Amino acid sequence: MTIDGRSLLAVVAALCVVFSIVVLALERRLRQPMPGLRLWAISNLLLGGAAAAHMLQGHVPVWVPAIVGNWAMLIGRTTSVAALRQFDHQPVPRALLAAACGLLMLAIAGTLLVWPDPRLRAMIMVGGMAVLAAWGTHTLAVSAPLSVSRALTMVGLGGWALANVWRLWTTAHLPPGAPVIDLHDPTVAAYMGALVIMDVFCNIGFVLLITDRMYEWVLQLARTDHLTGALSRGALYTQARRDLQLARRQGTHTAAFLVDIDRFKTINDSHGHAAGDAVLCHVASHGQAVLRCTDLFGRYGGDEFVAILPETDLLTAAAIAERLRVAVGEPVPGAPRLPCALQEVSVSIGVAAVAAGCDSIEDLIAQADQALYTAKHAGRNRTRVADEAQAPDNVSLQMIQSRH
Ligand SMILES: Nc1nc2c(ncn2[C@@H]2O[C@H](COP(=O)(O)OP(=O)(O)OP(=O)(O)O)[C@@H](O)[C@H]2O)c(=O)[nH]1
């Protein structure tokens, strides 16, 4: 088989079908929907169909490649732009895409039915394809930071656009009377070859983008507590160790507090586990709300949460903890209210801080745990600090509130 335009079109058609199947297979394996995958598979099928229709040129009526093939290719490329925008969580300008594609389709039909002109048809076609592919490349460039997978997809799609610009130029400079699409012409074969290579880049890049996104999901699952959205204990410890190292270099304090919901077992037993879960989410929302973005808040286990506050001394941390304790009695703005029977939820909090020399997160939390134990034994619904020398009479409310 010689490498002419026809055999390269066959390769394009086969590749498009294979990559549609790959993307659909990946989509089926996902537990949560990933936007854009189905549209990408559909666009590939349309582009593959278009390549097949062009491949049959000379063996089928002229309208098959001229109308069916070109329309399928235009709809396919338009769909791939929509797919990329969906994938990157960008709004899809449906009306604009439909209008652009519809106008090009009408113009293509016009060059066959109203004013027959194969050269004009080819120029409209490749010009439209170049614009659409450039649009897709632009979407990829602006919607997320560059990665290997993104760069690969952009090279494929951008290359598609450039190949079509080159084809537009060669078509415009054809000698009068020369056939517009001669599948045995080396220039046409070079154009088709470029499309094959760019198609491979583009689709491999997109498959890698999908696997990147899956990896981000897995990381996210590992980093966060599924129920409350707070950090998981492992993620919190990893980040807290880095914060402690930084504090040692900078000579600053690091504080931590442990939050335990009072009589949580009774809440579960009397109102059910769903109510218990709602209380956990309620406390976690307040915990995240009172902290700065540089602080860490995670689920320590069961009904206990932990906060790590870099560059914070003991009394400031106690003031923040106390603010959280008071806030727990209030509804969370924008969140569903707790049922009336649960409005009396309270927490006990133990606070500790370490000076720059200490670098053990375990020690810091052990001290906070000791303070929490004191708070529980003092009657619950209160904040206690670990270092009583720094806070004589163990933190009067007025004192820590005036401090903050
Ligand atoms: N609903 C729900 N309950 C949980 C979850 N994880 C742990 N628990 C329950 O949390 C309760 C923990 O209770 P404890 O902290 O031991 O005791 P408590 O009733 O809070 O008593 P004090 O801490 O002394 O005030 C247990 O009944 C666990 O079953 C969860 O994810 N959801």
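Indexing begins at 1, ligand by ligand and atom by atom, following the structure's order. Computed from a predicted model, the values in this text were never measured in an experiment.
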Testing the 3.5 Å rule here: is there a donor-acceptor pair between the side chains of R248 and Q245? no
Distance from atom 2 (C) of ligand 1 to nearest protein heavy atom, with residue and atom: D277 OD1, 3.2 Å
Ring-face cation of R150 near F206 (centre distance under 6.0 Å, axis angle within 45°): no
Under 4.0 Å from a heavy atom of G276: give me the atoms of ligand 1 that qualify, with their elements. 1 (N)
Considering the heavy atoms of I261, write down every atom of ligand 1 situated less than 4.0 Å from one of them. 20 (O), 23 (O), 25 (O)
Would you say D262 and S346 are linked by a side-chain donor-acceptor pair, where the criterion is simply a distance under 3.5 Å? yes
Which protein non-hydrogen atom lies closest to atom 25 (O) of ligand 1, naming both residue and atom, and how far is it? R263 N, 2.7 Å
Answer yes or no: does an N/O atom from F264 fall short of 3.5 Å to an N/O atom of ligand 1? yes
Of all protein heavy atoms, the one nearest atom 7 (C) of ligand 1 is G302 CA, 3.4 Å
Is R6 reaching over with its side chain to a backbone N or O of M55, donor-acceptor style, under 3.5 angstrom? yes
Would you mind listing which atoms of ligand 1 come within a distance below 4.0 Å of any non-hydrogen atom of R380? 22 (P), 24 (O), 25 (O)
With heavy-atom distances below 4.0 Å as the criterion, list the atoms of ligand 1 near R299. 5 (C), 6 (N), 30 (C), 31 (O)
If you have a sec, work out which protein heavy atom is nearest atom 14 (P) of ligand 1 and how many Å separate them, to one decimal? D303 OD2, 4.1 Å
Considering only heavy atoms of D260, which atoms of ligand 1 have at least one such atom less than 4.0 Å away? 23 (O)
Looking only at side-chain N and O atoms, does D260 offer a donor or acceptor that is under 3.5 Å from a partner on Y300? no
Using a 4.0 Å cut-off to any heavy atom of D262, which atoms of ligand 1 qualify? 25 (O)
Atom 3 (N) of ligand 1: closest protein heavy atom, distance to 0.1 Å, is N268 ND2, 2.8 Å
salt_bridge(D117, R121) N-O dist < 4.0 Å: no
I need the nearest protein heavy-atom contact for atom 19 (O) of ligand 1: residue, atom name and distance, please. K265 N, 2.7 Å
Evaluate the side chain to side chain contact (heavy atoms under 4.5 Å, CB included) criterion for residues F87 and L39: first the C-alpha distance (whole Å), next the side-chain angles of each, then the deciding distance (0.1 Å), finally the verdict. CA-CA 9 Å; F87 184 81; L39 274 187; over 6 Å; no
Return the closest protein heavy atom for atom 22 (P) of ligand 1 as residue, atom name and distance. K376 NZ, 3.4 Å
Ionic contact status for E362 with R241, cut-off 4.0 Å: yes
Please check if any side-chain donor atom of D269 sits under 3.5 Å from a side-chain acceptor atom of T266, or the reverse. no
